[in-house]
Protein chains: 2
Amino acid sequence: MADVAEIADVSMITVSRALRTPERVAPETRLRVEAAMAQVGYVPDLVAASLASRRSRVVAVVVPTIGSSIFSDTIEGMSDLLHGRGYQLIIGAGSYDKEGSESVITTLLGRRPDGLILTGSRHAKRARRMIEDARIPVVEMWELPPKPIDSAVGFSNRAAVRAIAAGLVEAGYRNVAFIGPSEGDARATQRRQGYADAMVRNGRTPIFIETPRPPSQMEHGAAAVARAAREHPEIDAACFTSDVLAIGALFQCQRLGWKVPGRFAIAGFGDFEIAAAATPALTTVSVPRYKIGEEAARLILGRIDGEIPAGQAVDLGFEVIWREST
Amino acid sequence: MADVAEIADVSMITVSRALRTPERVAPETRLRVEAAMAQVGYVPDLVAASLASRRSRVVAVVVPTIGSSIFSDTIEGMSDLLHGRGYQLIIGAGSYDKEGSESVITTLLGRRPDGLILTGSRHAKRARRMIEDARIPVVEMWELPPKPIDSAVGFSNRAAVRAIAAGLVEAGYRNVAFIGPSEGDARATQRRQGYADAMVRNGRTPIFIETPRPPSQMEHGAAAVARAAREHPEIDAACFTSDVLAIGALFQCQRLGWKVPGRFAIAGFGDFEIAAAATPALTTVSVPRYKIGEEAARLILGRIDGEIPAGQAVDLGFEVIWREST
DNA sequence: ATTCCTTATGTTAGCGGTATCATGCACTTT
DNA sequence: AAAGTGCATGATACCGCTAACATAAGGAAT
């Protein structure tokens, strides 16, 4: 930066201003500075800028897993919006496992992000204390926690599965099961409750078939159907906690020669690309994955700039999409 | 840190050492420092540490898109290895579009990463100059460029599709087509060439069916098959540039009532989870997605630590997996 | 002409750590 | 006894940039 300043015959602070607040530099000077920057190939050091300005222009986000694609649309939504506003994203994986999340959060906070976006609300006490000590805005997403740390963006997982399960009952299915993991994911647990709500309301006995801990794989869905065929032949429909499980189940039904939905109706969750593309097309809950990311980003920026008060909760809703599989 | 130092009754530099090089601090002192850190809930400022030490412990990675899940396994591989070594990942999206990549690279380099991992080799001149000026190790991945910037980790996309296409010819299919995008992705282009190689060697005329620019969607595969049905009814097999397209095609065949592989044999690329789960299970090219990430991370760390010389190229190979769809 | 703005630019002092060199001390070695 | 060695710790000077305040010059208001 000193080089650029010398070439443009200005002081360093003017170079800094030409970069951060160009409107406060005379147009002619700005051109000289820009020419000098281009000449030497100057790439501003954002690390130093962060330290000096106490604003890193970084937002940290914690997702349960990067490998699974569930959150990639959400991350893309955040990323698209944040980059446009000059922010960078740093991603930490690991809240499927409570222990891990603490070390992830320490590292992320070490980078002094201006905001923090979290998935999953069950954080260890120390993690929660660190987050509070950081005194930065926090947005929780993908659910609407009863006792949010700060703000939240999501929808009711429970109401969503309640709706789709009730729909199956209304459609005339006699024995509707719930297939998904029983632990390891707060959102899956809420979905389980939504299913239970619907069964209880309709005077049915819930039937739960458990799958391994998340991240869920297609194979888990296939195995669950195989088990249902042996142990619960009466089941004629099921709500899955994810399209991934549902698609695995769908293929398994094809192998078993089961008609879908004739012999076995399948309802997924997520409305991933494959849900609409499959034959039969999958009935599922459509959730605004990309929009959750965008909205979380918008909210965190609003909080950072002080334009939005703390404690906002945004319910983006869901939509049950009835297709051929039910 | 000053607080911690005072409580532990040492100087700041000793706190710093207790953190970075604990073996160089007397055990008894270290315990005092650790107790003090726990007491005040000290989270070291990695931004300041980066500036002072000129090592950010950050690795930047550029992928064509975050939303698509193709690279998420690779990112997970990198992330797993890097976090274990105390490094953080910052991700930039946007080399499907050449213009975008320059601004992405500027922002990433602004964070002063210790290393850079790139996907895709066609970079604008200015981007390439910036990368060279940054004087940090670079690893390109997912292909083996003829003229790498520094190191590379990948496999031959061309040889992979050459192998699978040749296999289809050997298996007796008469009219094998290639279905994929014709531009926008260097790797897809290399795959196209591999197909062409196989056709030419076997004295066949290549048949290309184009799909929209990446990221590819299932729908594109379905539409391509619909078009093939009308315009090239003689086609009895096809190589797709991705499992995503292939699965879309598979569902489309089910809708058309086409037997797979009887009427139309399908070969994908990538060996995603769905390839094995589908019925019929998908013949495809298995590529070490996770391992590419791990190896790229290992290579970049080796380069950073000066243990590995520049210019290494690691070919992780591929494997053609013959399943039911061909 | 004096005062008061406004605009463009500069000076100084950090931001929170770490590299580097220096220091003090106990223990060998000659 | 003098000198050398290794270890634990400390003092100082930055790292590259920006916040905050200072300054200068020109124009408008009085």
Side-chain angles (χ1 to χ4, degrees), chain A residues 1-34 36-37 40-58 86 88 106-107 109-114 133-136, chain B residues 1-34 36-37 40-58 86 88 106-114 133-136 304:
Chain A
M1 186 183 243
D3 294 354
V4 172
E6 182 154 1
I7 292 174
D9 194 28
V10 293
S11 68
M12 275 171 53
I13 191 68
T14 301
V15 177
S16 173
R17 276 196 277 253
L19 231 37
R20 306 299 158 211
T21 51
E23 73 282 1
R24 312 196 56 175
V25 173
E28 189 265 337
T29 310
R30 188 162 78 227
L31 288 174
R32 263 191 0 255
V33 172
E34 279 162 2
M37 292 195 299
V40 302
Y42 173 64
V43 177
D45 188 325
L46 301 178
V47 174
S50 301
L51 184 61
S53 67
R54 290 100 168 294
R55 293 194 66 196
S56 59
R57 299 192 162 268
V58 160
Q88 194 98 25
T106 318
T107 331
L109 291 180
R111 299 286 168 189
R112 295 297 185 265
D114 294 338
D133 286 354
R135 310 193 159 282
I136 52 174
Chain B
M1 186 183 241
D3 294 354
V4 173
E6 181 154 1
I7 293 173
D9 194 27
V10 292
S11 67
M12 274 173 52
I13 189 66
T14 301
V15 177
S16 173
R17 277 197 275 252
L19 230 37
R20 306 298 158 212
T21 51
E23 73 282 0
R24 310 195 57 175
V25 173
E28 189 265 335
T29 312
R30 188 161 79 227
L31 287 174
R32 257 184 13 250
V33 172
E34 280 163 1
M37 293 196 297
V40 302
Y42 172 64
V43 177
D45 188 327
L46 301 178
V47 174
S50 300
L51 183 61
S53 66
R54 290 99 170 290
R55 294 194 67 197
S56 58
R57 299 192 164 267
V58 159
Q88 194 100 25
T106 317
T107 331
L108 291 178
L109 291 180
R111 299 286 167 189
R112 295 297 184 266
D114 294 338
D133 285 354
R135 308 192 159 283
I136 52 174
I304 291 169

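Naming convention: chains lettered A, B, ... in sequence-line order (proteins, then strands); numbering from 1 in each chain. Hydrogens, waters and symmetry mates play no part in the numbers below; they use all other heavy atoms, side chains included.
- The 12-atom threshold is exceeded at CZ of B:Arg55, counting heavy atoms of other residues, nucleotides or ligands nearer than 6.0 Å.
- Between B:Arg112 atom CZ and D:dG16 atom P the separation is 9 Å, expressed in whole Å.
- Taking the side chain as every heavy atom from C-beta outward, A:Val25 and A:Val33 never approach each other to under 4.5 Å.
- Across all non-hydrogen atoms, the minimal contact from B:Ser53 to B:Ala49 is OG-O, 2.7 Å.
- For A:Met1, whose side chain is taken as the heavy atoms from C-beta onward, the closest listed nucleotide among C:dT18, D:dT18, D:dT9 is D:dT18.
- Of all the heavy atoms in B:Ser56 and B:Pro113, the pair that sits closest is OG-CA, 3.5 Å.
- Nearest heavy-atom pair, A:Val47 versus B:Leu51, reported as atom, atom and distance to 0.1 Å: CG1-N, 3.9 Å.
- Overall bending of the helix from C:dA1-D:dT30 to C:dT30-D:dA1, expressed as the angle between end axes built from five pairs apiece, is 40° (10° steps).
- For DNA chain C, the residues of residues 16-26 of chain A within the heavy-atom distance limit of 4.0 Å (strictly under) are A:Arg17, A:Val25, A:Ala26, sorted by number.
- We find that CZ of B:Arg55 is positioned 23 Å from P of C:dG16, with the value rounded to whole Å.
- Looking at heavy-atom distances under 4.0 Å, A:Thr29 makes contact with sugar-phosphate atoms alone, never a base.
- Residue B:Thr14 has a polar side-chain atom (N or O) positioned under 4.0 Å from OP1 or OP2 of D:dG10.
- Between the CD atom of B:Glu28 and the P atom of D:dC7 there is a distance of 19 Å, given to the nearest Å.
- Distance, A:Glu6 CD to C:dG10 P: 13 Å, rounded to whole Å.
- Counting all heavy atoms, side chain and backbone alike, B:Pro44 lies closest to B:Leu19 at CG-CD2, 3.6 Å.
- Rounding to whole angstrom units, CG of residue B:Leu51 and C1' of C:dT18 are separated by 10 Å.
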Before giving the answer on side chain to side chain contact (heavy atoms under 4.5 Å, CB included), spell out for A:Arg32 and A:Val10 the whole-Å C-alpha distance, their side-chain angles and the decisive distance to 0.1 Å. CA-CA 9 Å; A:Arg32 263 191 0 255; A:Val10 293; 3.4 Å; yes

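- A sub-4.0 Å separation between OP1 or OP2 of C:dG17 and a side-chain N or O of B:Tyr42 is present.
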Using side chain to side chain contact (heavy atoms under 4.5 Å, CB included), reason through B:Arg111 and A:Ser50 one step at a time and then give a plain yes or no. CA-CA 10 Å; B:Arg111 299 286 167 189; A:Ser50 301; 3.6 Å; yes

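- Contacts of B:Val10 with the nucleic acid, taken as non-hydrogen atoms under 4.0 Å apart, involve only primed sugar atoms and P, OP1 or OP2.
- Between A:Arg111 atom CZ and C:dG16 atom P the separation is 17 Å, expressed in whole Å.
- For the pair B:Arg54 CZ and D:dC17 P, the computed distance is 12 Å after rounding to whole Å.
- A sub-4.0 Å separation between OP1 or OP2 of C:dT11 and a side-chain N or O of A:Ser11 is absent.
- Residue A:Leu109 comes nearest to A:Ile136 through the heavy atom pair CD2-CD1, 4.0 Å, listed as atom of the first residue, atom of the second, then distance.
- Note: CD1 (B:Ile13) to C1' (C:dG17) measures 8 Å, nearest angstrom.
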